[in-house]
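Everything on this sheet refers to the single structure shown next.
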Amino acid sequence: PGGAGGKGVWGAAGVIYDYEEPDARDPNYDDAAQGKTVYGTMVPELDENALQKTVTPIVKEYFEHGDGREVAALLQELNLGKRKHEVPSLAVSLALEGKASHRELTSRLLSDLLGKVLTASDVAKAFDRMLKDLPDLILDTPEAPQVLGQFIARAVADDVLPSNFLDSYKGKVNCDHARAALDRAAVLLSMKRGVGLDNVWGVGGGQRPVKHLIREMNFILKEFLLSGELAEAEHCLRDLEVPHFHHELVYEAVIMVLESTGNTAAKMVKLLKMLWESGLVTLDQMNRGFQRVFDELPDINLDVPLVHTILEKFLDLCVQEAVITKQLRDSCPSRGRKRFVSEGDGGRVKE
């Protein structure tokens, strides 16, 4: 008869014994054979309140020092668990209440944290939540939909959000504020080619090269022509913080009227009138912008043969709307000269 145990027998075949902790009282216990005991520190997962209390000062300090790597290192020490998406939400919410420079730093931070602390789906989840929170966010920041739209566009352009992020919302958004944010992002992304969104926040204008500021002014005008948003154009121009360079916007606006068709002239008059009445563009800057166009008329005429006719109509419109003075209009070199009336005259000069 076979047994399952007994002296000198290991036990029945197929029986698996559980691991037993060595017993220090066992006569065969060998302390040296146990190896070193390693003590690990368990970092508890942060709840929502703890996350806000911990991450808010980290982000606020980042607004001072601007070092994204330091933020990444600090966040990696925390157990964010399933709340990683709350980090971008918190950073963007703080930036909504802050300056343009804080918004720029926040956009950079999202790029710096991607792959180290955050995944693209964490960022997408964060923006999805913020779109839903817009009715609350506008209580403190009335322009929150437009600003959030800019954050989304910049994140898509920086490859922090997937390129199809906006598509996933088509036909599924009932909230007007969320729609406004998504529309803003769509407009910016449609204009991205050739301009880029790396300076969507218009930060530190005074320190930037003139060539870059010219691009920014063009960007504001083109976006205005697409969206028709007067307040947004004013907001973007103000954020550039270059009052001494506003003549460039006036100049570029007039050039766009001369080189385009359709209702560009009527839209630009509306914009210039609002910028003049709000005090953002001063009389000196307005006059300088127009004067620069007057000075360049011979060159512009090479590309736009009917420039004098188009310009005179536009100047009359500007005088009607009190955007410029009659004196400025009358100083335009085309006035009083022989000029072509229209293409329909077959090139005859009006006497």
Side-chain angles (χ1 to χ4, degrees), residues 38-156 158 160-162 165 168-169 172-182 184-185 201:
V38 178
Y39 295 95
T41 308
M42 281 293 292
V43 180
E45 186 176 326
L46 294 176
D47 62 24
E48 192 173 353
N49 284 344
L51 186 140
Q52 283 208 351
K53 280 181 185 168
T54 311
V55 176
T56 298
I58 292 174
V59 174
K60 285 185 172 174
E61 281 169 29
Y62 166 70
F63 288 160
E64 301 300 319
H65 62 66
D67 187 348
R69 289 168 304 178
E70 185 179 316
V71 177
L74 290 169
L75 292 175
Q76 281 166 337
E77 291 173 10
L78 304 174
N79 183 355
L80 298 168
K82 293 175 184 172
R83 298 187 182 277
K84 287 182 183 176
H85 66 280
E86 292 182 20
V87 172
S89 296
L90 188 58
V92 171
S93 298
L94 290 168
L96 283 179
E97 299 161 17
K99 298 182 287 192
S101 57
H102 295 168
R103 294 168 186 177
E104 170 60 27
L105 283 167
T106 302
S107 286
R108 287 186 203 169
L109 183 62
L110 297 183
S111 290
D112 289 341
L113 297 181
L114 193 70
K116 293 174 190 165
V117 177
L118 304 171
T119 63
S121 61
D122 291 327
V123 181
K125 192 174 176 182
F127 278 111
D128 183 64
R129 176 180 154 177
M130 283 184 280
L131 285 165
K132 291 184 173 81
D133 287 346
L134 273 172
D136 294 326
L137 293 173
I138 59 167
L139 299 176
D140 292 321
T141 313
E143 72 274 20
Q146 287 72 31
V147 178
L148 188 59
Q150 282 174 230
F151 267 116
I152 291 171
R154 171 69 177 269
V156 171
D158 288 351
V160 176
L161 278 175
F165 181 78
S168 63
Y169 288 92
K172 297 175 189 170
V173 181
N174 296 320
C175 170
D176 287 343
H177 303 306
R179 246 200 307 270
L182 294 165
R184 173 96 173 116
W201 302 116

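Note that the structure is predicted; figures quoted are calculated from it, not measured.
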Between Leu134 and Leu148, is a side chain to side chain contact (heavy atoms under 4.5 Å, CB included) present by the stated rule, with each step listed?
-> CA-CA 9 Å; Leu134 273 172; Leu148 188 59; 4.0 Å; yes
Could you point out which residue of Leu74, Val87, Leu80 forms a side chain to side chain contact (heavy atoms under 4.5 Å, CB included) with Val117?
->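 Of the listed residues Leu74, Val87, Leu80, the side chain to side chain contact (heavy atoms under 4.5 Å, CB included) partner of Val117 is Leu80.
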Would the distance check show the side chain of [X] and the main-chain N or O of [Y] forming a donor-acceptor pair, the cut-off being under 3.5 Å?
X	Y	value
Ser89	His85	yes
Arg179	Val173	yes
Ser168	Phe165	yes
Tyr62	Glu70	no
Asn79	Gly81	yes

With a 4.0 Å cut-off on N to O distance, would you call [X] and [Y] a salt bridge?
X	Y	result
Asp122	Lys125	no
Arg103	Glu143	yes
Arg129	Asp133	yes
Glu104	Arg154	yes

Compare every heavy atom of [Y] with every heavy atom of [X], then report the nearest pair and how far apart it is.
X	Y	result
Lys132	Pro135	O-CD, 3.4 Å
Leu78	Val55	CD1-CG2, 4.3 Å
Thr106	Ala95	OG1-CB, 3.3 Å
Pro88	Leu118	CG-CD1, 3.7 Å
Ala50	Thr54	O-OG1, 2.6 Å
Ser93	Leu137	OG-CD2, 4.3 Å

Would you check, one step at a time, whether the test side chain to side chain contact (heavy atoms under 4.5 Å, CB included) holds for Val92 with Met130?
-> CA-CA 9 Å; Val92 171; Met130 283 184 280; 3.5 Å; yes
When you compare the side chain of [Y] with that of [X], does any pair of heavy atoms fall below 4.5 Å?
X	Y	result
Asp112	Asp67	no
Glu97	Thr141	yes
His177	Ile138	yes
Glu61	Glu64	no

Give the ring-plane orientation class for Phe127 versus Phe151, where under 30° counts as parallel, over 60° as perpendicular and anything between as tilted.
->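 Aromatic pair Phe127/Phe151 classed tilted.
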How many angstroms lie between atom CG of Leu51 and atom OG1 of Thr56, to the nearest 0.5 angstrom?
->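 Reported to 0.5 Å precision, the distance equals 8.0 Å.
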